[in-house]
Amino acid sequence: MSQIHQPNACLLCGAPLVYLREERPLTCALCGRTFSGSAHCENGHFVCDDCHGKESRAAIVSACLDEPSADPIRIAQRLMDLPPIHMHGPEHHTLVGAALLTAYHNAGGTVDLAPALAELERRSQKVPGGICGFWGCCGAAVSAGIFASIATGTTPLSADSFGLCDQLTGSCLQAIGRIGGPRCCKRDSFLAISTAVPFVSAHLGVDMELPDLIRCHWSRENGECIGRRCPFHP
Ligand SMILES: [Zn+2]
Ligand SMILES: [Zn+2]
């Protein structure tokens with residue numbers, strides 16, 4: 001059962017957010033730096049994107065280090081239920097790869113999990129929100145590619161594994177693209193992970209688990225849910 005997410009609530013005090021018609025300088029209540037921002041809570045709290053993402057990414061990494069599962073969909077669903085994870089947002093660019101790295105490790109894949117998750121966190125925080133629509137390259141697919149790169153130790157000079165990583169990202173994008181939009185970070189995460197599991201089994205010989213049925217329990221929180229067009233709609 002999912003927790004009640006409050007996408008429009010202050011991270012610090014839970015008060016509703018106030019949206020401004022024009023951006024203005026706001027000082028982050030967590031790090032004290034000032035940014036141009038367009039929302040604060042009714043009590044005046046503003047949290048910058050950097051701090052916002054940091055909390056989500058830290059929650060993801062810490063939960064993964066305690067995960068015994070080899071099923072990356074189940075891991076992803078548990079991560080999605082963590083309070084700092086929103087309905088949509090670039091934290092999913094960390095979440096997908098983290099669920100895959102953790103399940104890969106727990107299924108016997110050769111990876112040192114803690115430093116691998118730290119590296120994934122560093123790389124994935126460079127993947128901006130909205131790139132599914134703005135770049136034509138969904139960040140859930142990129143996150144699967146980052147997972148493959150870390151699991152195989154790939155660099156731009158690698159030979160075989162270079163191809164594998166790009167093929168995995170491409171396969172995830174194909175699956176995501178076939179469904180169409182509007183974007184849904186939950187749907188695209190499930191599509192990327194369920195594409196990655198058989199790919200990794202075939203190419204890296206590590207058998208992660210997949211549930212027989214993937215059901216989304218976030219649809220009521222998603223104003224743009226595509227309903228029955230989504231393969232995971234309950
Ligand atoms: Zn507040
Ligand atoms: Zn901040």
Side-chain angles (χ1 to χ4, degrees), residues 1-67 75-76 78-99 101-102 113-135 137-140 142-143 146-147 150 183-186 188-189 217-225:
M1 200 50 210
S2 87
Q3 294 172 252
I4 304 299
H5 292 244
Q6 294 183 307
N8 290 319
C10 173
L11 287 182
L12 295 171
C13 71
L17 294 187
V18 177
Y19 288 92
L20 309 171
R21 290 186 187 279
E22 290 176 356
E23 291 194 4
R24 67 174 185 231
L26 295 168
T27 300
C28 176
L30 293 177
C31 68
R33 291 177 291 168
T34 299
F35 296 90
S36 182
S38 56
H40 57 69
C41 87
E42 289 180 349
N43 296 319
H45 298 129
F46 163 73
V47 178
C48 75
D49 284 349
D50 197 19
C51 288
H52 208 277
K54 208 180 286 173
E55 189 191 11
S56 307
R57 291 191 302 271
I60 289 168
V61 169
S62 128
C64 281
L65 290 171
D66 285 334
E67 258 294 343
I75 297 172
R78 281 194 277 274
L79 296 175
M80 288 168 182
D81 275 338
L82 295 172
I85 311 302
H86 300 90
M87 175 64 223
H88 304 297
E91 60 265 40
H92 294 82
H93 304 166
T94 301
L95 188 150
V96 168
L101 267 179
T102 304
L113 189 59
L117 287 168
E119 179 62 15
L120 176 95
E121 186 187 356
R122 283 190 291 272
R123 294 189 198 178
S124 62
Q125 66 182 277
K126 298 175 190 159
V127 183
I131 70 165
C132 49
F134 290 128
W135 293 14
C137 185
C138 175
V142 175
S143 190
I146 297 173
F147 148 73
I150 293 172
R183 67 82 179 83
C184 172
C185 293
K186 306 307 186 215
D188 294 350
S189 296
H217 57 241
W218 290 271
S219 59
R220 274 177 297 176
E221 295 165 43
N222 179 11
E224 300 92 34
C225 177

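For ligands, and for the atoms within them, numbers begin at 1 and follow the listed sequence. In this text the structure is predicted, and so the values were computed from the model without any measurement.
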Note: SG(C41)-the Zn ion (ligand 1)-SG(C13) angle, rounded to 10 degrees, equals 110°
Nearest heavy-atom approach of A63 to L82 is CB-CD1, 4.0 Å
Under 2.8 Å from the Zn ion (ligand 2), which protein N/O/S atoms are there?
C28 SG, C31 SG, C48 SG, C51 SG
Do H40 and V18 come close enough that some side-chain heavy atom pair is under 4.5 Å?
yes
Test item: P90 and P128 side chains (from C-beta on) under 4.5 Å apart, heavy atoms:
no
Electrostatic pair E224:R183 at N-O distance under 4.0 angstrom:
yes
Could you confirm whether H40 has any N/O/S atom lying under 2.8 Å from the Zn ion (ligand 1)?
no
Go through D188 and H92 one step at a time and tell me if the side-chain contact (heavy atoms from CB on, under 4.5 Å) criterion holds.
CA-CA 9 Å; D188 294 350; H92 294 82; over 6 Å; no
S36 and E23 side chains, donor-acceptor separation under 3.5 Å
yes
In terms of side-chain heavy atoms, does S143 have a donor or acceptor partner in S124 at a distance below 3.5 Å?
no
Could you check which N/O/S atom of H45 is closest to the Zn ion (ligand 1)?
ND1
